[in-house]
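Below: the structure, in structure tokens.
Residues take their numbers from the sequence shown, with the count starting at 1.
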Amino acid sequence: MKKQTKTIIRTVLLVFVALIVGINVYAFNASRVAGDAIPMPFGVGLTVVLSGSMEPELSVGDLLVVVEQDSYAIDEVVVFQEGRIGVVHRIIEMDGTTVTTQGDANNAPDEPMDISRVKGKVVLAIPLIGHVVNMIKTPVATVVILAAAIFLLERSFHKEKEKDADQLEEIKREIERLKQETKNQDTN
């Protein structure tokens, strides 16, 4: 691989690791310190479906992209905070600033709540990716990812250093050969 390609791969790897660590630190602070189950920087957040209450449309482990809205409508799937977790249900009734939601698989509606508790509308669901996201968000996984990235970067630098040293030795041998050749020509 060319040196430039390796540099690009290293940079992408470092950015990826920095994003994972940064997002984990941000999410940890938002949930543990501020009590915010679904941080919404710039009005966009991610959450993972934790129960089967929205089956068959949404399943446990689906990753959801949630976007804040100025207003909401009946039949929209929204996320609201219940304690320290995000709940994903459908709006079934609205009365002024009061909304009632219900999971598609649930037999009874939720308690009516103020619309200010709604974090946002679900705009995209990516099946099963939430399992990976939940795994990556654990402290152990973050440390493993960071350690793996450091190992891979170190290994890559070591291989490149060895290759450079081999090339340098080859150049030295060629210089010695050329010196010897020149010396032989001078004696003839």
Side-chain angles (χ1 to χ4, degrees), residues 12-150 152:
V12 169
L13 181 62
L14 285 173
V15 168
F16 177 72
V17 169
L19 280 173
I20 287 176
V21 171
I23 289 170
N24 282 347
V25 168
Y26 178 79
F28 177 81
N29 286 335
S31 66
R32 300 294 191 270
V33 177
D36 190 357
I38 307 155
M40 302 280 290
F42 311 108
V44 178
L46 299 174
T47 192
V48 177
V49 177
L50 300 175
S51 76
S53 68
M54 286 299 293
E55 292 281 355
E57 185 173 334
L58 300 172
S59 300
V60 173
D62 289 355
L63 178 66
L64 306 178
V65 177
V66 181
V67 178
E68 287 178 2
Q69 305 289 307
D70 292 330
S71 62
Y72 299 93
I74 291 175
D75 207 38
E76 288 182 330
V77 176
V78 296
V79 178
F80 62 93
Q81 187 161 330
E82 185 72 44
R84 289 193 173 261
I85 64 166
V87 178
V88 182
H89 283 173
R90 187 178 305 280
I91 296 176
I92 60 167
E93 191 176 313
M94 295 184 75
D95 183 16
T97 60
T98 303
V99 298
T100 304
T101 60
Q102 182 175 342
D104 291 354
N106 293 353
N107 294 327
D110 303 319
E111 289 292 319
M113 68 182 139
D114 191 78
I115 197 144
S116 64
R117 287 187 47 206
V118 174
K119 301 288 283 182
K121 174 183 170 181
V122 174
V123 296
L124 178 66
I126 306 169
L128 304 174
I129 298 298
H131 292 299
V132 175
V133 170
N134 279 342
M135 183 190 71
I136 289 173
K137 287 171 43 177
T138 66
V140 171
T142 302
V143 169
V144 168
I145 289 169
L146 196 53
I150 290 169
L152 290 172

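Taking the side-chain contact (heavy atoms from CB on, under 4.5 Å) definition, one finds that T100 meets it with I92, E93, P109, P112, sequence neighbours left out. With sequence neighbours excluded, the residues satisfying salt bridge (charged side-chain N to carboxylate O under 4.0 Å, His left out) with D75 are R90. Looking at residues two or more places apart in sequence or on another chain, you find a side chain to side chain donor-acceptor pair (under 3.5 Å) between D110 and H89, T101. Not a single side chain to side chain donor-acceptor pair (under 3.5 Å) links S71 to another residue, sequence neighbours left out. With sequence neighbours excluded, the residues satisfying side chain to side chain donor-acceptor pair (under 3.5 Å) with E55 are S59. Checked against side-chain contact (heavy atoms from CB on, under 4.5 Å), E68 has the following partners two or more places apart in sequence or in another chain: M40.
By the 4.5 Å heavy-atom criterion applied to side chains, M94 and I115 are counted as neighbours. Side-chain contact between M54 and V77 is present, with heavy atoms from C-beta onward closer than 4.5 Å. Side-chain contact check for V87 versus V79: every heavy-atom pair is 4.5 Å or farther apart.
When all heavy atoms are compared, the tightest approach of V118 to F80 is CA-CB, 4.0 Å. Between G52 and A105 the shortest heavy-atom distance is O-CB, 3.5 Å. Residue L58 comes nearest to A125 through the heavy atom pair CD2-CB, 3.6 Å, listed as atom of the first residue, atom of the second, then distance.
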Pair V78-Y72, side chain to side chain contact (heavy atoms under 4.5 Å, CB included): steps then yes or no: CA-CA 9 Å; V78 296; Y72 299 93; 3.8 Å; yes

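Distance check, rounded to the nearest 0.5 Å: CG of L46 to CG of L64 gives 9.0 Å. Here the straight-line distance linking atom NZ of K121 with atom CD of E76 works out to 4.0 Å at 0.5 Å rounding. Taking CD of Q81 as the start and CE of M113 as the end, the distance is 11.5 Å to the nearest 0.5 Å.
Under a 3.5 Å cut-off, the side chain of D62 and the backbone N or O of L128 do form a donor-acceptor pair.
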